[in-house]
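Worksheet: one structure, shown below.
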Amino acid sequence: MTSTLDPQTAPDVTPAQRVDAWLADFEAALAVRDIDRVAGMFAVDSFWRDLVSFTWNLKTMEGREQITDMLTTRLAGTDPSGFRTRETPTEDGGVTTAFIEFETAVGRGVGHLRLKDEDGQPRAWTLLTALQELKGHEEPKGPSRVLGAVHGDDPDPRSWAEKRAEEQAELGRSIQPYALVIGGGQGGIALGARLRQLGVPAIVVDKHERPGDQWRKRYKSLCLHDPVWYDHLPYIPFPENWPVFAPKDKVGDWLEMYTKVMELNYWSSTTCDNARFDEAAGEWIVNVKRNGEEITLRPKQLVMATGMSGMPNVPKFAGSESFEGEQQHSSQHPGPDAYAGKKCVIVGSNNSAHDIAAALWEHDADVTMLQRSSTHIVKSDSLMEEVLGPLYSEEAVAGGLTHEKADLLFASIPYKVLPGFQRPAFEAIKQRDAEFYQKLEDAGFMLDFGDDESGLFLKYLRRGSGYYIDVGACDLVANGDIKLRSGVGIERINPHSITLTDGSELDADLIVYATGYGSMNGWAARLISQEVADKVGKCWGLGSDTTKDPGPWEGELRNMWKPTQQEALWFHGGNLHQSRHYSHYLALQLKARMEGLETPVYGLQPVHHVS
């Protein structure tokens, strides 16, 4: 069967007809397992990103050869069908786009398609396929939600509170969790909620006394740098009166409320001492302390949800042990209250450095920022209007773009072409805020827009550092209220000062190291073993061969939300958007394994870097 669109009449067809015809041909070719024909329906320069539905992995196939290889391995087992549009397709600039849905042998999925003309035929430029639910294991929501009421003839007359209390008493003691999630911040909480709705027995453990303390105990000026429309948690979006940029304590309270109403089995005041995988039993042996009580858990799956970062990076400098003031990593900074009149040096120039420096200055401290390398700066309002606004904003919502649809649209852009999507927006920001950037440079601040001028999101994905979303601190740097030393490093630390590499000296009562974090597999080294940490390798980054993101090209974020080289070990983290969206795919992978479904992983990521 050939394309139903005649190239001579193609300009007269509607976007809907164009997409419907392509999907019909695509499904027909898949049905008869004609892989060469399927591959030929993609452009030479094309991308198929799959989130679990075909590959049981997060995997992007680039070009016809990789698409052919994936389908050769996975087409028969996936048995896809029912490809159709979810709403009316659109066309812009020669690209036809459509939200789609489909089924596989074990599940139902959604996706997104972009078609371009190539050799007179519509061919797929990008295709996203994303598993949404497992057949026979759907979430009890909407029409299938639980009744809740207990009637007289119910075989289990216990109240909801009684059932809940019994579950909390038994899980982790007489009944073992299927999954143990280490880390109870937004990532662990979002995943815990997903697993709860899928009926996967899970415990989320965290060292803090209360859910949300991960936010409450940070420096007091901290607010979200991403807007509310980008930051919803699964199932319960923020209310319409929620601040655009929520203060940290408000975020903490929301997480605590969410943990309770979503009925998570959340063990606070719990530390994980060590873990090892028992290959014979196919389970982890994890020793934890809960409120001082030693407990051994035996989950089948272990998820490290300790954030997108690993252990704090605290640089070592000659003489640091002689310093008679305070030294602290930014994650340990208590806030500015105790430092009025003190000489404070902030080592670093990214998000935390600016926030902490501004708060110290507001409390009458003498603040110097030490910038050792260039930083990407973008004003919050410019980021909102030029970059995030089309997907995540009040206007986007009013136009019918829910955060679920926005998530799919964002996920549909392959990482390989994302820089090309981002550069025009950040070039517009450069022009829009030219005077702002000039003032910073005049003050000596070293600026960049990424190695390839692609801006904030690529820096975040590649290295998770090197940027600041400005909410006011840059003006303090530009006008000299926050003093700046740039392009120099630390030679040594003295009892009351810092000697810089240019020979100059800074008096200091407080040194804050806003120097970031290591890879997430550092937590695996600490809790499991260095051998396992090296086995799974570096987490985060794309292999873009840019600063702090060494090649080769990976195509997806290393080790995140997908199977790793260590059986039954998973990594989950990122910002609130990623915690919401990708927790869905991780939860489905865990549910499928719990139910005994076949989950053959295509394209398991090799390890190129260990840290």
Side-chain angles (χ1 to χ4, degrees), residues 1-5 13-42 46-61 67-68 70-90 96-115 122-144 198 402 404-405 407-409 411-412 581 584-585 587-589 591-592 595 597-600 602:
M1 181 178 178
T2 58
S3 173
T4 57
L5 289 183
V13 303
T14 67
Q17 292 172 322
R18 185 181 179 86
V19 171
D20 288 345
W22 190 93
L23 289 175
D25 282 1
F26 183 63
E27 182 168 348
L30 290 171
V32 298
R33 310 299 190 248
D34 190 342
I35 293 173
D36 287 341
R37 184 169 136 208
V38 174
M41 298 182 67
F42 285 79
S46 57
F47 305 85
W48 181 344
R49 188 179 190 212
D50 182 64
L51 305 180
V52 184
S53 61
F54 278 69
T55 62
W56 291 106
N57 197 357
L58 274 62
K59 180 72 176 174
T60 299
M61 284 62 67
I67 291 169
T68 297
M70 185 275 286
L71 290 174
T72 300
T73 303
R74 290 297 307 133
L75 178 54
T78 304
D79 193 22
S81 63
F83 285 87
R84 54 197 176 271
T85 57
R86 304 184 75 195
E87 57 186 66
T88 304
T90 60
T96 305
T97 63
F99 287 97
I100 64 171
E101 58 189 18
F102 62 96
E103 296 188 13
T104 70
V106 300
R108 301 176 187 89
V110 299
H112 188 270
L113 173 67
R114 292 183 181 88
L115 296 176
R123 303 192 195 277
W125 175 34
T126 70
L127 174 64
L128 170 71
T129 49
L131 187 66
Q132 292 297 289
E133 62 183 6
L134 297 168
K135 294 177 179 177
H137 306 289
E138 295 85 355
E139 293 183 9
K141 61 183 181 180
S144 62
L198 285 169
T402 64
E404 291 91 353
K405 284 177 62 177
D407 289 348
L408 277 181
L409 198 55
S412 75
H581 188 217
H584 188 184
Y585 308 111
L588 287 169
Q589 292 173 83
K591 174 67 172 178
E595 297 297 342
L597 301 181
E598 293 293 325
T599 57
Y602 173 80

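Rounded to the nearest 0.5 angstrom, Phe83 CZ and Asp20 CG are separated by 13.5 Å. Atom-to-atom distance recorded for Ile100:CD1 and Thr85:OG1 is 9.5 Å, nearest 0.5 angstrom. Separating the OG1 atom in Thr402 from the CG atom in Leu408 is a distance of 8.5 Å, to the nearest 0.5 Å. The distance from atom CG of Leu127 to atom CZ of Phe54, rounded to the nearest 0.5 Å, is 8.0 Å. Once rounded to the nearest 0.5 Å, the distance linking CZ of Arg86 with OG1 of Thr88 reads 13.0 Å. With rounding to the nearest 0.5 Å, the separation of CG in Asn57 from CG in Asp50 is 8.5 Å.
Residues Ala124 and Ser46 approach most closely at O-CB, 3.4 Å, considering heavy atoms. Between Ala411 and Leu128, the closest heavy-atom pair is O-CD1, 4.0 Å. Between Arg37 and Asp25, the shortest heavy-atom distance links the atoms NH2-O, 3.7 Å.
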Salt bridge (Lys or Arg N to Asp or Glu O under 4.0 Å) between Lys405 and Glu87, worked out
CA-CA 11 Å; Lys405 284 177 62 177; Glu87 57 186 66; 3.0 Å; yes
Decide side chain to side chain donor-acceptor pair (under 3.5 Å) for Arg114 and Ser412; before the verdict, give the C-alpha distance in whole Å, the side-chain angles of both, and the deciding distance to 0.1 Å.
CA-CA 9 Å; Arg114 292 183 181 88; Ser412 75; 3.0 Å; yes
Begin with the C-alpha distance, continue with both residues' side-chain angles, and end with the deciding distance and a verdict on side-chain contact (heavy atoms from CB on, under 4.5 Å) for Leu198 and Leu588.
CA-CA 8 Å; Leu198 285 169; Leu588 287 169; 4.3 Å; yes
Let me see the working for Leu113 and Trp22 under side-chain contact (heavy atoms from CB on, under 4.5 Å), right down to the final yes or no.
CA-CA 10 Å; Leu113 173 67; Trp22 190 93; 3.7 Å; yes
Apply side chain to side chain donor-acceptor pair (under 3.5 Å) to residues Ser53 and Thr104 and explain how you reach the verdict.
CA-CA 7 Å; Ser53 61; Thr104 70; over 6 Å; no
side-chain contact (heavy atoms from CB on, under 4.5 Å) between Met61 and Arg49, intermediate numbers included
CA-CA 6 Å; Met61 284 62 67; Arg49 188 179 190 212; over 6 Å; no
May I have the step-by-step check of side-chain contact (heavy atoms from CB on, under 4.5 Å) for Leu51 and Leu131, ending in yes or no?
CA-CA 6 Å; Leu51 305 180; Leu131 187 66; over 6 Å; no
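In summary, Glu101 and Arg84 engage in a salt bridge, as defined by a charged side-chain N under 4.0 Å from a carboxylate O. Between Glu139 and Lys591 there is no salt bridge, since no side-chain N of the basic residue sits under 4.0 Å from a carboxylate O of the acidic one. By the 4.0 Å N-to-carboxylate-O rule, Lys135 lies close enough to Glu103 to be salt-bridged with it.
Residues Arg74 and Pro600 are in side-chain contact: their nearest non-hydrogen atoms beyond the backbone lie under 4.5 Å apart. Within the 4.5 Å cutoff, side-chain heavy atoms of Trp48 are placed close to those of Thr129. Residues Glu27 and Ser81 have side chains in contact (heavy-atom distance under 4.5 Å, counting atoms from C-beta outward). No side-chain heavy atom of Thr96 sits less than 4.5 Å from a side-chain heavy atom of Thr90. Inter-residue side-chain proximity for Gln589 and His584 is flagged as unmet; no heavy-atom pair is nearer than 4.5 Å. Contact of the Arg33 side chain with the Leu75 side chain is registered, since non-hydrogen atoms from C-beta on lie closer than 4.5 Å. Looking at Phe102 and Leu23, their side chains never come closer than 4.5 Å, going by heavy atoms from C-beta outward. In this structure, Leu409 and His112 have side chains that are in contact, with non-hydrogen atoms separated by less than 4.5 Å.
Ring geometry, Phe26 versus Phe42: the interplanar angle exceeds 60°, so the pair is classed perpendicular (tilted spans 30 to 60°). Below 30°, between 30° and 60°, or above 60°: for Tyr585 and His581 the angle between ring planes is above 60°, a perpendicular geometry.
One N or O on the side chain of Arg123 and one on the backbone of Gly40 form a donor-acceptor pair closer than 3.5 Å.
For Tyr602, there are no ring pair (Phe, Tyr, Trp, His ring centres under 6.0 Å) partners, not counting sequence neighbours.
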